[in-house]
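As structure tokens, the structure follows; a few thoughts come after it.
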Amino acid sequence: MKSPRRAAPLPVGFFERSAEIVARELVGTLIASTADGRWTLGRIVETEAYLGYDDPASHGYRHRRHAQNAALYGPAASWYVYRSYGMHWCANLVCLGEGSGSAVLLRAVEPLDGLDVMRHRRSVELVESLCSGPGRLCQALGITRSELDGRLMRGSPVEVMAAADWSGVIEATPRIGISKAADWPLRFTAAGSRFVSRRTVTSKLRAVAREHPPG
DNA sequence: GCGCCGATTGGCT
DNA sequence: GCCAATCGGCGCC
């Protein structure tokens, strides 16, 4: 797999649908990066949908708009990259269209090629730790805001392609690490994959408890 | 204007 | 299991 054939990236129309459907159908697809001129390839195994103005967990909730999230309101099939906790990058693909504020967060990738590049970027050896988390996969694939934010996916340094040969089972579960609408089942994973992000259930339970206090 | 908190991660107890 | 790192937006005084 040293000299990759460039498969066609997913068409814009794929993303002109609700983030929930796009998030589900992105599981199993391939993601290829040429950031820094170095080739890396993986399979998306975990995503989350953020629905937009009526989703309390979405950066586009109530049409919120500021300098850092302008790309979230861009056209379908464009990248929205934001900084999380002041230190990590997280990558989203915009859904529906201009102004929708809805997107799919990429949460975990199964590394397929360019593992040494990923290991070098991540300073980690274990393959299960290279791309299992939204911040981790951005680091492994060389994704930064300046690299992708606001750019159309097609023709950008990071492209997502259909994988005709993949036929796994896709599970829907509650989203991770959020405190609002924490029980909406908008997280999609490849069932049984050892490359999905690991997270204890306790933080989730705490988040739910915060939203629905006892008494 | 000030303080809190998050679509996270990694290191330490 | 717990907590610090780190920073911009937002709620609140």
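The chains referred to below are lettered A, B, ... by the order of the sequence lines, with proteins before strands, and numbering in each begins at 1. All of these numbers come straight from a predicted model, not from anything done at the bench.
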Give the rounded distance in Å between these two atoms: [atom1] of [X] and [atom2] of [N].
X	N	atom1	atom2	value
A:Q68	B:dC5	CD	C1'	16 Å
A:M87	B:dA7	CE	P	14 Å
A:H66	C:dC10	NE2	C1'	9 Å
A:E128	B:dT9	CD	P	16 Å

>> Testing the 3.5 Å rule here: is there a donor-acceptor pair between the side chains of A:R121 and A:Q139?
In response: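 Short answer, no.
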>> For the residue pair A:E110 / A:S193, report whether a side-chain donor-acceptor contact shorter than 3.5 Å exists.
In response: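 Checked: A:S193/A:E110 side chains show no N/O donor-acceptor pair below 3.5 Å.
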> Dot-bracket for DNA chain C: what is it, with Watson-Crick or G-U pairs under 3.5 Å, [ ] where a pair crosses earlier ones, and | for a pair to another strand?
Replying inline: |||||.||||||.
> Considering only the C1' atoms, how many Å lie between C:dG8 and B:dG10, rounded to the nearest integer?
Replying inline: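 Straight-line distance between the two C1' atoms is 23 Å.
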>> Measuring only the P atom in each nucleotide, how far is C:dC3 from B:dC4? A whole number of Å is fine.
In response: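 About 16 Å, rounded to a whole number of Å.
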>> With the criterion set at under 5.5 Å between ring centres and under 30 degrees between planes, would B:dA7 be stacked on A:Y82?
In response: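 It does not: the two rings, one from A:Y82 and one from B:dA7, miss the stacking criterion.
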> Roughly how far, to the nearest 0.5 Å, is the OG1 atom of A:T189 from the CZ atom of A:R24?
Replying inline: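 Answer for the CZ-OG1 pair, A:R24 versus A:T189, is 10.0 Å.
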> Relative to each other, are the rings of A:H59 and A:Y80 parallel, tilted or perpendicular (30° and 60° limits)?
Replying inline: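 Taking A:Y80 first and then A:H59, their aromatic rings stand perpendicular (interplane angle over 60°).
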> What is the nucleic acid contact for A:R62, judged by heavy atoms within less than 4.0 Å: base, sugar-phosphate only, or nothing?
Replying inline: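 Counting heavy atoms under 4.0 Å across all strands, no contact is made by A:R62.
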> What does A:R83 touch in the nucleic acid at a heavy-atom separation under 4.0 angstrom: a base, only the sugar-phosphate, or nothing?
Replying inline: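 Nothing, no heavy atom under 4.0 Å.
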> Do the side chains of A:I143 and A:L106 get nearer than 4.5 Å, heavy atoms only?
Replying inline: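 No, side chains not in contact.
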